[in-house]
Asks: 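Handing you a structure now.
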Amino acid sequence: MWGGRFAEGPAAVMREINASLPFDRRLWRQDIAGSKAHVAMLGMRGIVDPADAAAIGEGLERVSDEYGREGVPADLALEDIHMATESRLTELIGPVAGRLHTARSRNDQVATDFRLWVRDAIDAVGEWLAGLQRALVGRADEHADSVMPGFTHLQSAQPVTLGHHLLAYYEMLRRDRSRFADARARMNECPLGSAALAGTGFPIDRRATAHALGFERPTANSLDAVSDRDFALDYLSAAAQCALHLSRLAEEIVLWASQPFGFVSLSDQWSTGSSIMPQKRNPDAAELVRGHAGRIIGAFTALMVTMKGLPLAYSKDMQDDKPPVFEAHDLLALSLAAMTGMVETLSFRTERMRAAAEAGFATATDLADRLVRVAGVPFREAHHVTGAVVKAAEAKGCTLAELSLEELRAIDPRIDEDARAALSVDASVAARTSEGGTAPVRVREQIAIARDALGMEA
Ligand code: ARG
């Protein structure tokens, strides 16, 4: 395609290092769509004879059908998807194919194709994220009243509801979706017509191609349009943040599925056995979601570093933009699918969670609050009293709620039956009714809002 002034062909290794076809084949649908929009515009403008433009458009359809049926050929000599398509088009319709590349360069072509691809990727991720959110909300609904220990420093801190804990992840994913949506809105400008770097002298209609491809408008600066990849970095940054959230949930599943915790058991479908220890049920999928986050964050870093030293405009380094995006996208797809499956099928061992919440003296603060509010005890003093209560339970080897009223009154006579009731974990969670708090009534409100936002039945 570009060999006119060369006497010899490239060395084999040159061919190999230069070729992007092995990975940019994934852009074939976007490449065909971009070319069809471009040639239709060339015909409309009379830059290419309308009959030739129509022949090229039909030829592109045939190439597209072939790719769909047989895949894109892997021949390295074809270099990249843009040249592979043009070369096949030439075989099918003859020399008229040579008019397709008028007023265009592979630089604006690849920038356009890749934006189209990332845009589709964002739409797909949005759907997958909504699927995981639905799974979380469904399980939160089942467990709006189930009590578990809430942790700080991984120490039992205060009882919370399992529904509340699961909805925390719903919120993280809600922000992840909005980050992807922001990236989509920002990148939705069309580079086509920027040509190699400076624009073109042909009387093209950039608005027509932008519109045909579903972009908001043409990009404003041709140098920027062919040489920035911030749209891919926006995608990767949103993907990295999302993977980080998935990794934290994965870590909790690993922890909760361990024998000492025993808060969940994984379904057969989402665990693996050990070849030598029959008692084991390993959370491999959760561990791999946690592991994949490392690779996705790595992909973001890789492209940042690729881009950081490049002068304007296009440099071939930028061909390396695609593998990290494809890798991150595939890993995120798997991670989201696996996480959705795990969340849907986990069994929560709510009796163990409740016992752990009771065992951790996690309602001590509730008694202190109660003494402050009802008996008018200064908080510092109340804190001291509850410290003594915790000590008594520890000495007796029981939970706080198991101490009798007499035992409590022996510590401080201001403790009455109502104050004692505050020591139960159910009373503790029910009392936390502040907006965004863990009380089941609040959790149910949040579930209703989430169901509505996700289009789930009430
Ligand atoms: N395969 C190239 C890429 O992905 C296409 C653009 C090549 N442009 C060029 N002037 N060599 O970046």
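In this chain, residues are counted from 1 in sequence order. Note that these values count all heavy atoms, side chains included, but never hydrogens, waters or copies made by symmetry.
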Asks: Go through the side-chain N and O atoms of Arg290 and Ser247 and say whether any donor and acceptor fall under 3.5 Å apart.
Replies: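 No, Ser247 and Arg290 have no side-chain donor paired with an acceptor closer than 3.5 Å.
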Asks: Are Glu252 and His165 linked by a side-chain donor-acceptor pair shorter than 3.5 Å?
Replies: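 The answer is yes; a qualifying pair exists.
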Asks: Is it true that Arg88 and Glu66 have a side-chain N and a carboxylate O under 4.0 angstrom from each other?
Replies: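 Yes, this pair counts.
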Asks: Is there a donor in the side chain of Thr161 and an acceptor in the side chain of Thr438, or the other way round, less than 3.5 Å apart?
Replies: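 A pair is found: one side chain offers a donor N or O, the other an acceptor, under 3.5 Å apart.
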Asks: Between Arg414 and Asp412, does any side-chain N to carboxylate O distance fall below 4.0 Å?
Replies: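 Salt bridge flag = yes for Asp412 with Arg414.
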Asks: Can Gln241 and Asp176 be counted as having a side-chain donor-acceptor contact under 3.5 angstrom?
Replies: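 On atom types as modelled, these side chains do not qualify, holding no pair under 3.5 Å.
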Asks: Taking the basic N atoms (NZ, or NE/NH1/NH2) and the acidic carboxylate oxygens, is any pair closer than 4.0 Å for Arg432 and Asp366?
Replies: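 Between Asp366 and Arg432 there is a salt bridge, with a charged N closer than 4.0 Å to a carboxylate O.
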Asks: Under a 3.5 Å threshold, yes or no: a donor from one side chain and an acceptor from the other, between Asp120 and Gln30?
Replies: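 The answer is yes; a qualifying pair exists.
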Asks: Strictly below 4.0 Å, N to O, side chains only: are Arg115 and Glu189 in salt-bridge contact?
Replies: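 Salt bridge absent between Arg115 and Glu189.
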Asks: Answer with yes or no whether the side chains of Ser404 and Arg420 bring together a donor and an acceptor at under 3.5 Å.
Replies: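 Result is no, nothing qualifies.
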Asks: Apply salt bridge (charged side-chain N to carboxylate O under 4.0 Å, His left out) to residues Asp24 and Lys322 and explain how you reach the verdict.
Replies: CA-CA 7 Å; Asp24 70 14; Lys322 287 167 282 294; 5.4 Å; no
Asks: Less than 4.0 Å between a side-chain N and a carboxylate O, is that true for Asp113 and Arg106?
Replies: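 Asp113 and Arg106: not salt-bridged.
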Asks: Quick one: ring pair (Phe, Tyr, Trp, His ring centres under 6.0 Å) partners of Phe326, sequence neighbours excluded?
Replies: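 Checked Phe326 against ring pair (Phe, Tyr, Trp, His ring centres under 6.0 Å); matches are Trp117.
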Asks: Restricting to pairs with a member in residues 142-167, which pass salt bridge (charged side-chain N to carboxylate O under 4.0 Å, His left out), not counting sequence neighbours?
Replies: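 Non-adjacent pairs meeting salt bridge (charged side-chain N to carboxylate O under 4.0 Å, His left out): Arg139-Glu142, Asp145-Arg444.
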Asks: Quick one: do Lys391 and Glu394 make a salt bridge, cutoff under 4.0 Å?
Replies: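 The answer is no: the pair does not qualify as a salt bridge.
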Asks: When you compare the side chains of Gln133 and Arg177, does any donor N or O come within less than 3.5 Å of an acceptor on the partner?
Replies: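 Per modelled atom types, Gln133 and Arg177 side chains form a pair under 3.5 Å.
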Asks: Between the side chains of Ser64 and Arg29, does any donor sit under 3.5 Å from an acceptor?
Replies: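 The answer is no; no qualifying pair exists.
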Asks: Identify whether the distance between the nearest side-chain nitrogen and carboxylate oxygen of Asp234 and Arg184 falls below 4.0 Å.
Replies: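 Arg184 and Asp234: not salt-bridged.
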Asks: Do the side-chain N and O atoms of Ser146 and His143 include a donor-acceptor pair separated by under 3.5 angstrom?
Replies: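 Yes, a side-chain donor-acceptor pair sits under 3.5 Å.
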Asks: Salt-bridged, Glu327 to Arg295, with N to O below 4.0 Å?
Replies: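 A salt bridge links Glu327 with Arg295.
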Asks: In Å and rounded to the nearest 0.5 Å, what is the CG to CZ distance from Asp80 to Phe23?
Replies: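 Atom-to-atom, Asp80:CG and Phe23:CZ are 9.0 Å apart.
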Asks: Using a strict 4.0 Å threshold on nitrogen-to-oxygen distance, state whether Arg179 and Asp182 make a salt bridge.
Replies: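 Asp182 and Arg179: not salt-bridged.
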Asks: Whether Glu58 and Lys36 form a salt bridge (side-chain N of Lys/Arg under 4.0 Å from carboxylate O of Asp/Glu) is what I want to check.
Replies: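 Judged by the 4.0 Å cut-off on N to carboxylate O distance, Lys36 and Glu58 do not form a salt bridge.
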Asks: Working to the nearest 0.5 Å, report the span between CG of Asp228 and CE of Met318.
Replies: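 One gets 7.5 Å once the value is rounded to the nearest 0.5 Å.
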Asks: Salt bridge check: are Glu406 and Arg409 linked by an N-O gap of less than 4.0 Å?
Replies: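 Result for this pair is no, no salt bridge flagged.
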Asks: Nearest 0.5 angstrom please: Asp369 CG to His383 NE2, how far?
Replies: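 That separation rounds to 10.5 Å.
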